Structures are given as C-alpha cells and as structure tokens.
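Data block below; observations after.
The shown structure was predicted, so the numbers you read here are calculated from the model rather than taken from an experiment. Chain letters run A, B, ... following the sequence lines, proteins first, then strands; residues in each count from 1.
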There are 2 protein chains.
Amino acid sequence: MMVKPKNSPICPITAALDVLGGKWKVFILSYLAEHGTLRFGELKRLIPKVTQKMLAQQLKELEEAGLVNRRVYAQVPPKVEYRLTAHGQTLCPVLRSLREWGYLHREKLGAEEVTCPEVSAEKLIAVE
Amino acid sequence: MMVKPKNSPICPITAALDVLGGKWKVFILSYLAEHGTLRFGELKRLIPKVTQKMLAQQLKELEEAGLVNRRVYAQVPPKVEYRLTAHGQTLCPVLRSLREWGYLHREKLGAEEVTCPEVSAEKLIAVE
DNA sequence: CTGAATCCCCTCCGATACTG
DNA sequence: CAGTATCGGAGGGGATTCAG
C-alpha cells in the first residue's frame, strides 16, 4: 500500500541536481562537511563572493531539503550555527570526490597554461 | 561564466564547478560515461527537456573544457558522435558517486513523503 | 541530422536599505 | 550578527527560423 509516486520516476541525476543545483550550495555543503559547524558570518567569510541575500537563501533551501540543520541561540547579538544533518552527511563522499577531482583538474589546467604566461617564445623552444 | 582569472589560486570546488556548473553538463557527462559514445540526437532523446540550442551549447563548452571529444563524419545526413576524453573519464568516479547519492536521496524523499508534513519544529531543538 | 542565428521573456541575483 | 524587503539590470535559456 505504498502509495508511490504519482509523478514520473525522476532519474537519480535530476534528484541530486534538484537539491545541489544552486549557485552556492556545493560550496556551503563542502565547507560544512569540512568544518562541521559554522556560523552564518563564518560561511560568509569562507565564500567571499556570495552576498548575504544569496547565502541566506541557499541555506534556507538546503535546510528545507533536509541537508542542513539550523540552530538559533537565543541571545544578543544573535548567533546561528549551521551543520549538516545526518542525511546531509551522506553527501560527504560525493563532495570529497568532487573536490578531489577539482584539485586534479586545476593541476591539469595549470600544466596546460604553462605554454604562455611569462616566458618568452624563444626560451620555450628549448623545451621538448 | 567560465571566466577564470589568470593568477588567482582557485579553490578545487570552484575549479570543478566552473566546468560542471552548466545546467545540463552533468547530465551529458553522465550519459556519455554510461554509454561511451553517443550521437547528438541520442543525447537529445536521453535528455528530453533540453533544447537543441542548449544541448549544442553545453556540448561545445564541454569540448572546449577538454572533457568531451567531438567527432564529425563527413557524410549526408550529418553524423556527429560525442564521447568523453581521457581527462573526461577521470570524472566517472565523481559522476557515479553523484548518481548513487541521487538514487538513495530519491528513495529517502519517497519515504519522507509518507510522514506528516505538518511537523515543523524548525527552530532551536535539534536532536540527532 | 546537426547546428547557428534571432528574438525576447522571465528568472536570477547584486546592490541597497531596513529590522530584531 | 543574522537576517528580510525591494528594486532593477543582465543574461540564461526557450521557441523559432535558417543553413549545410
């Protein structure tokens, strides 16, 4: 009697991207995975280019998705901490995998960029 | 979009998202990882909601990023095949990881929908 | 069949200002 | 400190048409 999905069976990729697709969500999740618990301002500092508005919005969506937990301390000045939920923690392998690839990918880009920046063409001839 | 400042030490996440951030790129890469080689029309059929324009655009960007190889057959009607480059193949673990998580996440969503959505004790008390 | 080119709507998101 | 509210520009991306 499991009234299953009236909707179309969503593919796994879609299911994942629905939740992770935001412009800053992977950053947020990644930093939370790394640091465990972070305050709003700490996240803001870790992701300099995000605006307050977007950070708050993305955090809210992540919370609604059940990936992030929001804890408010009743004090002045306000203090709000964010951390991954148990379900959010299941993303850690994915985030590590992505970050690892990004690291290697960046290295490869760096290797390709060697062909130009500051060394004159003359000096490059010698190589290879 | 894929503008990368020359000499800034980009974090791995940024490096990864610069290349994968497009709306359809993960889908494309995932299907190519699964099928090995696909024609344009086959990709279009596998991702029904993408438009021709976006599919072509995203494929072009992936090609420029060095993740996808484009092979054109000189014949009429035209035939163009896409596949992952060697470097693109290094993404397979990431894609598998993501897809696996999406699958489990989707299951969890289904399970959660059975429960009462009225229960929202969002603030303060956060037990785990 | 594969793709480029146009038009154009509509969402996203940045800047700014305000609140508790 | 941690948000919310509002406005407005930029551009993502959809529909359509043209081309090889």
Whole-Å gap separating [atom2] ([N]) and [atom1] ([X]):
X       : N      : atom1 : atom2 : value
B/Glu61 : C/dA4  : CD    : P     : 12 Å
B/Leu55 : D/dG12 : CG    : C1'   : 16 Å
B/Arg71 : C/dT2  : CZ    : C1'   : 17 Å

Across the strands shown, which category fits B/Tyr82 at heavy-atom distances under 4.0 angstrom: base, sugar-phosphate, nothing? sugar-phosphate
Can you tell which of A/Arg70, A/Glu63, A/Arg71 makes a side chain to side chain donor-acceptor pair (under 3.5 Å) with A/Tyr82?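 Of the listed options, the one satisfying the test is A/Arg70.
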Using only side-chain N and O atoms of A/Arg70, determine if any of them is under 4.0 Å from OP1 or OP2 of D/dG3. yes
Can you tell which of B/Ile47, B/Leu67, B/Leu46 makes a side-chain contact (heavy atoms from CB on, under 4.5 Å) with B/Ile28?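 Of all the options given, the one that passes is B/Ile47.
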Is there a side-chain contact between [X] and [Y] (heavy atoms, below 4.5 Å)?
X       : Y        : value
B/Glu61 : B/Gln57  : yes
A/Thr90 : B/Trp101 : yes
A/Leu38 : A/Arg83  : no

Give a yes or no on this: more than 12 heavy atoms of other residues, nucleotides or ligands lie within 6.0 Å of atom OH of A/Tyr103. no
In residues 33-47 of chain B, which ones come under 4.0 Å of DNA chain C, going by heavy atoms? B/Arg39, B/Phe40, B/Gly41
For [X] against [Y], the heavy-atom pair lying closest together:
X       : Y        : answer
B/Gly66 : B/Thr85  : O-OG1, 2.6 Å
A/Ala16 : B/Gly102 : CB-CA, 3.9 Å
B/Phe40 : B/Gln52  : CZ-O, 3.9 Å

Hey, is the main chain of B/Val50 close enough, under 3.5 Å, to the side chain of B/Lys44 for a donor-acceptor pair? yes
Ignoring hydrogens and angles, tell me if any N or O in the side chain of B/Glu42 forms a donor-acceptor pair with the backbone of B/Arg39 under 3.5 Å. yes
Distances under 3.5 Å between protein N/O atoms and the N/O atoms of nucleotides 13-20 of chain C, please, pair by pair.
| unit_1 | atom_1 | unit_2 | atom_2 | d |
| --- | --- | --- | --- | --- |
| C/dG14 | OP1 | A/Lys23 | NZ | 3.2 |
| C/dG14 | OP2 | A/Thr51 | OG1 | 3.3 |
| C/dG14 | O6 | A/Lys53 | NZ | 2.1 |

When the C1' atoms of the five terminal pairs at each end define the local axes, what inter-axis angle does the helix from C/dC1-D/dG20 to C/dG20-D/dC1 show, to 10 degrees?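 Terminal axis comparison yields 50°.
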